[in-house]
Every structure is written in C-alpha cells, then in structure tokens.
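Read the structure below first, then the notes.
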Number of protein chains: 2
Amino acid sequence: MKIVTLRDIAEQLNISVTTVSKALKDYPDVSKKTKMQVRELAKTLNYRPNAFAVNLRTKESKTIGLIIPVIVHHFFSNVIKGIISQAEKKGYLVIILQSDESYTLEKKQVELLLSQRVDGIIISLANETAKYNHLNDIIAQDKPLVMFDKIAKIVKCSKIIIDDRKAAYLATQHLIDIGCKRIAHFRGALLPQNSIDRFLGYKKALLDNNLPYDPALVYICECGDMSFEEGKKNAIQLMEDHDDIDGIFINTDLVAIGAMTALQNLGVKIPEDICIVGFSNWFMSSVISPSLTTINQPGFEMGKAAFKQLFREIKARKKGKHFEPKTVVLETELITRASTKITV
Amino acid sequence: MKIVTLRDIAEQLNISVTTVSKALKDYPDVSKKTKMQVRELAKTLNYRPNAFAVNLRTKESKTIGLIIPVIVHHFFSNVIKGIISQAEKKGYLVIILQSDESYTLEKKQVELLLSQRVDGIIISLANETAKYNHLNDIIAQDKPLVMFDKIAKIVKCSKIIIDDRKAAYLATQHLIDIGCKRIAHFRGALLPQNSIDRFLGYKKALLDNNLPYDPALVYICECGDMSFEEGKKNAIQLMEDHDDIDGIFINTDLVAIGAMTALQNLGVKIPEDICIVGFSNWFMSSVISPSLTTINQPGFEMGKAAFKQLFREIKARKKGKHFEPKTVVLETELITRASTKITV
DNA sequence: TAATAAATCGAAAACGTTTTCGAAACTACC
DNA sequence: GGTAGTTTCGAAAACGTTTTCGATTTATTA
C-alpha cells in the first residue's frame, strides 16, 4: 500500500540510493550481482519511479498538449487517434483540450499547457483566431510547436497540411470535366486558411476553364455543430436564388450531405440535375444514396505526421540543435462516386 | 528566454525564496508592501511556477487519465467532450488513451497512468476485458477510479451508467405497442455488460407481453469499425432466414442505419413492412430518411457526471476520508421518429 | 610485492517548490 | 525602558530522482 521509493530498496539491501538508481538504469558501474538483487526487490515491492521527481530532474514529462477546435468531429477525432497512436509508440502521453473555435479559450489553453511544461504542443487553430501572440509565446520559450489543418502561415513553426487549394481545384475541375457549366461553392468560415484556400482553388479552376466566377454563387457556412442544417439551408437558398446551377463544390461532407438531403426533398435529382462534390471523405459519404464524390482528407495520417514532426523537434532540442520549421504537405485524392457520375 | 524561478525573483528583491513563495500564495505573514513588489516583478518576468516541482511537492498533478475503447465514435467522442469540459472548470487536464477494445493494451495503459501518477482514472472497458486485476491495482493504490458505460459490476468503484436493460425494454415495448409481433434483435458483442443488458431488456419485454422469445432472431455484431457494414450484412441475412419479421431492435444507431440501407435496397418499406428502433441517438439518426426511432444515450452528460464523481473522490481522499463507491444511473428516453411511425 | 588498472560503490548536489518553526523587528502599553 | 504582543521574515527540510566525481576495493601486470 505504501509507495516504495529508491530509498526503501536501498535500505533493505543496505546499499545507497545512487547504486539502486544506477542498477535499475543498467549503468555499467554496478556489479551484476547487485543489479540482480535490486531488480528483484524492485519487482517484488512493485517499485514505480515517481514520475514527478523524474520530471523535475530531467526537465521533461514525456507529455504533449493538443488543442483542437472540436472533438466531436469525424476529421478531428481521426487526427486525435493518429496523434495518440504515434505518441504511444514513442512513450508519450497526450493532453487534449478543446478550444470550441474560441480565440480566448485557445489562448488560455496555450497558457495552461505552457505552465504545465508539456514537452511540445500540437494545435489546429480556432476559426476565430486572428492574432498569434499566444503561439509566438510558445516559440519564444523554444518549445516545439506543430500546427495542422487550420494553420497560420505567418507563424514560424512546422505545419502539417494538405494542399487545400489544389484539392479544391481538382474537385472543381472534376465538375467541369463532367460537363457542369455553372458551379456554386459552399465555403467555410472567413478566417481559416484552409477555407480560404479551398475557395481560391475553386475560383482558379473556373477561370482556368474560361468559366465566369460569380461571387453570388458562393455561400458561407460556419461548419460548426449545425453543419448539416447549414447545408440544407444553403441548398434551399441556392435553389431560390439560382435555379440554373448544375454543380456544387462543398467545403465539407457533412454540409454536402445536408445539402443533398434538402435538394432531394425539393425534387432535384443528383447527379442528373446537379452534381455535388464534398470534402473530407467522411465514412458516411460512401454509404448514403447517392454516394458522395469527395476529396479524401487523411485525418489519421495528419495526426501521425504531426506527432512525428513534433517528436523530431523534441529530439533536436535535446541535442541542442536548432530545428528549421518544416511544412509537410500530405497527399489528397479525388474519390469519385455516384453524386457526380452522369452516364451521358 | 531563460526560465525564471522563485529564486530569481528572491535575488532581485533581496529577500528569501520562502517569502516570495508566500507572497505569491497570499500568506498572511507577508507585508502588503513586499507582496506588491513580488507580484509585480513576477508579472514582468513572466514567472510561471514549475509544475514539475509543484507536483513533486504536493503529490498531485491536477491531471487525470481517460481510457476508452475508441475515439472515433459519436458516443465516446461526446463523452470525451463532457469530461474535458468539466475537468477544465476544476482546473484539471485530461490524458486520453485508446484501448482499441484490447485487454492487453488497456492493462498496459492503466500501468502507464499509474506510473504517471495521475490524480484519478476514468475508464470504459474494452470489449475483450474479462479480467479485472489491473483495475483492482488502481483501487489498491487508493487512487480514484470511475467507470462508465462499459463497466464491470464486480469491481468496487464508482460507476456512471444508464439503465440499459430498462432502455432496451422500453424500445422493445414500443415496437410491441405499435403492433409488431415478431421482433428481431441485433445485439452487440458477447462480453460487455451493456450489450448483455440490452439483450436482456429485449427478451424480458417479449416475455412480459406473451410473445415467444426466439434465439434465432438474435444476431450479433461487434460494433467496431465496420458497424455500418455489419448492419447491412445482418439485415440481409435476417431477410433470408426469417422473412416474417416485422420489427428490429438494434444495439446501435450506426448498425441500424446500415440495416435500414440494406433493407431499403431489398425493397423493404420502413416502417410499413418493418419497424426499426436503434440505440444512442446519433445526430445522423434524425437526419436520414426515414428518421430513426432510438434511445437517447447522453454521452456528454455521462462524461460530465464521470468527472464530477471522480472529482468528489479526489477531494475526499485529500481530506483523508474514505469514499463509498457510488453508481449514478442517468436517464434515457425513447425518441420516436419515422422508422416506427405507422399510421394505421 | 609494488604499481597500475579496472571494477564497484556512495556522498552530495541539484531540480524548484511548499511549509514548518523559530528568530528578528516592530508596535503598544504600562 | 521594559514587557508583551504582533508583524514580518528566512533557514531548512522535504518531495524522489539523476548524475558527477571522488573514494574504495579488487584484479592485473611487471
């Protein structure tokens, strides 16, 4: 019941704490005999090193912090899983915080993690976040920082992203390739970089194909808890405003599925009347009817990559080397399904 | 850039570390003047207490551990959110681990959390888990432990659950009330208590209503990553085996939605030919067509309740009191939707 | 056997905080 | 001015580990 320490072992064996410590860590200057004795006793007493003391002494906790906008989210929960799985392999634990898309909370949580002295921080920014002092604080403390998905280009740290612009371009080009002439876009909130990039990719694809870009065809949705409803609402509004639409590129699968539901209720046939491309490849997208063409956004892989990068930086710091921030761009792909398959 | 300590402040003000510490914690035996000086300097130097040292000294880390079978899951991610939100209010951080339904991993993760000396542990058991030594280890160390959802009745700790049996009974009774005579059940894996309880509730409802219980009508699905596919497969199999079925009570919404998809593809009309009740009230259930009648399983509230309970136990331990394990049963409700609305 | 090399051990400092307890300084009162 | 009481401070121990460096013992060699 009592918690055993190095000292307990040392006293029982009539040796010093030093030797016990060294024996357990297999130092070369301890005899085989005492090593055996120590290890055996440690086992029978069920000795566990006091993590608090180890942390204090070694100045690291083998714990990292993760701040994400939302947890209940197909993409982000996959990222979490990726990070945790990779962290576990390297013996790291992960503290998770949810910013709820709030800048104030995000800032407070960064403070919290810094005062907890985690070994590094992984973050995906809140939609609201437009100032980056809190992030620069992390860097100023020379603590490893990796951003993913919702990033701030200005901040000097490593980043794990996809090429949102290219992916959006691909998605829009696909709509054009199958014959769409008037393509709407449901975009995400105004601030996040990826929402901007996806919009730009959409726009560029139109222009490259000599199709007019019409700002009136771009609808905004916050992509919060109400994504599905936003999709429905936007779709209904779109049908009222512009009934000549023949394709929509939508920022997120969940919004897209909402839109499809509303359109189908209005008697619009997909893909015959309107083709739809989503974004993220949520598992439900392959399952609904018609199945949804979408861009695969590899959440699990992003999580893994984010931790790997962070780990590299942690290792580099320990060796005193400085680490040049690196941006990793993960591959995406267009997955074509029934929502854009028109058999002409 | 250099990390400031109490000592730095003390030296700059020519006072002792003791006084600095006391000033910052508002001890009564420090003069107002020095308190002001200390606080001001602490602020300008951006002093942050070294969490490692505080932990070592106070023997607590204000951090708890959470072990869940899966992260990417509508119910569990809601629980995570509930736990984190509540923990944040009390100034606690949460380390999350995923057991992947594996007993071996779960056991290892408990070890890890214990050696990290978290202040308490919240756990929902893996499907595989049938031995509880690792849990008893936690209790033996007098560390607060709270289980939720997938619990082991034998283990002497606090538990947050719903009355699965009653909820399943309610669901089945509802099917009977609307005229179903031959009701199938897609149950979860064999070991988990809640999967057993839901099955028992289903069975009892049948018997109480003088309907025959037929084991052949009970299908098993593991409810892992393949839930949707399992639902489809089970539904198709069911139609082959017993085409006289007029109702199904299904362990999980996702499986139910899979089943509905398969049934609709087979030309079965829901609810006219077969009525369906799911379990968990996933947000998609209100959104698909037909919308799914289900049992509301309050994930967020369970998470909150779990942390609240853990927090009570942590407080009690600090006061040296012993805490009698408590089981909290949260309310559920039947949400009737289109999948069981037959207008006779 | 003496000198040297190798093997084995332990004292002590350090990590940064919290808290006890005694000492010093100051105030008030007769 | 002396006493008692109050206010303000700081030395020191403690939390449990890691690591340096010197000391001691044992083995090796000429």
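Throughout, a chain's letter reflects where its sequence line sits, starting with A, and its residues are numbered from 1.
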Can you give me the N/O atom pairs linking the protein to nucleotides 24-26 of chain D at distances under 3.5 Å, or say none if there are none?
none

Which atoms of nucleotides 5-7 of chain D (N or O only) lie under 3.5 Å from a protein N or O atom, and what are those distances?
none

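Listed by chain and number, the residues in a ring pair (Phe, Tyr, Trp, His ring centres under 6.0 Å) with B/Phe76 are B/His73 (sequence neighbours excluded). With sequence neighbours excluded, no residue satisfies side-chain hydrogen bond (donor to acceptor under 3.5 Å, both in side chains) with A/Lys90. For A/Tyr103, the ring pair (Phe, Tyr, Trp, His ring centres under 6.0 Å) test picks out A/His134, with sequence neighbours left out. Remark: A/Arg317 pairs with A/Asp142 by the side-chain hydrogen bond (donor to acceptor under 3.5 Å, both in side chains) rule, at least two apart or across chains. Shown here are the ring pair (Phe, Tyr, Trp, His ring centres under 6.0 Å) partners of B/Tyr47, two or more places apart in sequence or in another chain: there are none. For A/Thr34, the side-chain hydrogen bond (donor to acceptor under 3.5 Å, both in side chains) partners at least two apart in sequence or on another chain are A/Ser31.
Counting only residues at least two apart or on different chains, no salt bridge (Lys or Arg N to Asp or Glu O under 4.0 Å) pair has a member in residues 118-134 of chain B.
Counting any heavy atom pair closer than 4.0 Å across all strands shown, A/Thr5 reaches sugar-phosphate atoms only and no base atom. Within the nucleic acid shown, B/Lys22 comes within 4.0 Å of at least one base atom, counting heavy atoms only. Within 4.0 Å of B/Thr18, counting heavy atoms only, lies at least one base atom of the nucleic acid.
Using cut-offs of 30° and 60° for the angle between ring planes, the B/Phe75 and B/Phe148 rings count as tilted.
If you walk DNA chain C from 5' to 3' and mark each nucleotide with an atom closer than 4.0 Å to a heavy atom of chain B, the marks span C/dG16 to C/dC21.
Taking the charged nitrogens against the carboxylate oxygens, B/Arg48 and A/Glu111 do have a contact shorter than 4.0 Å, which makes a salt bridge.
Applying side chain to side chain contact (heavy atoms under 4.5 Å, CB included) to B/Lys143 and the options B/Leu114, B/Leu113, B/Ile314, B/Ile64 leaves one that passes, B/Leu114.
In plain terms, the two heavy atoms of B/Ser77 and A/Ile71 that are nearest each other are O-CG2, 3.8 Å. Of all the heavy atoms in A/Met302 and A/Asp149, the pair that sits closest is CE-N, 3.7 Å.
Counted by atom type alone, A/Gln109 and A/Ser99 present zero donor-acceptor pairs between their side chains at under 3.5 Å. Neither side chain, B/Ser85 nor A/Gln98, offers a donor N or O lying under 3.5 Å from an acceptor on the other.
At a threshold of 4.5 Å between non-hydrogen side-chain atoms, the residues A/Leu13 and A/Val38 count as touching.
Non-hydrogen atoms lying under 4.0 Å from DNA chain D are contributed by B/Thr34, B/Leu56, B/Arg57, B/Lys59, all within residues 34-62 of chain B.
Rounded to 10 degrees, the angle separating the terminal helix axes of the helix from C/dT1-D/dA30 to C/dC30-D/dG1, each built from five base pairs, is 60°.
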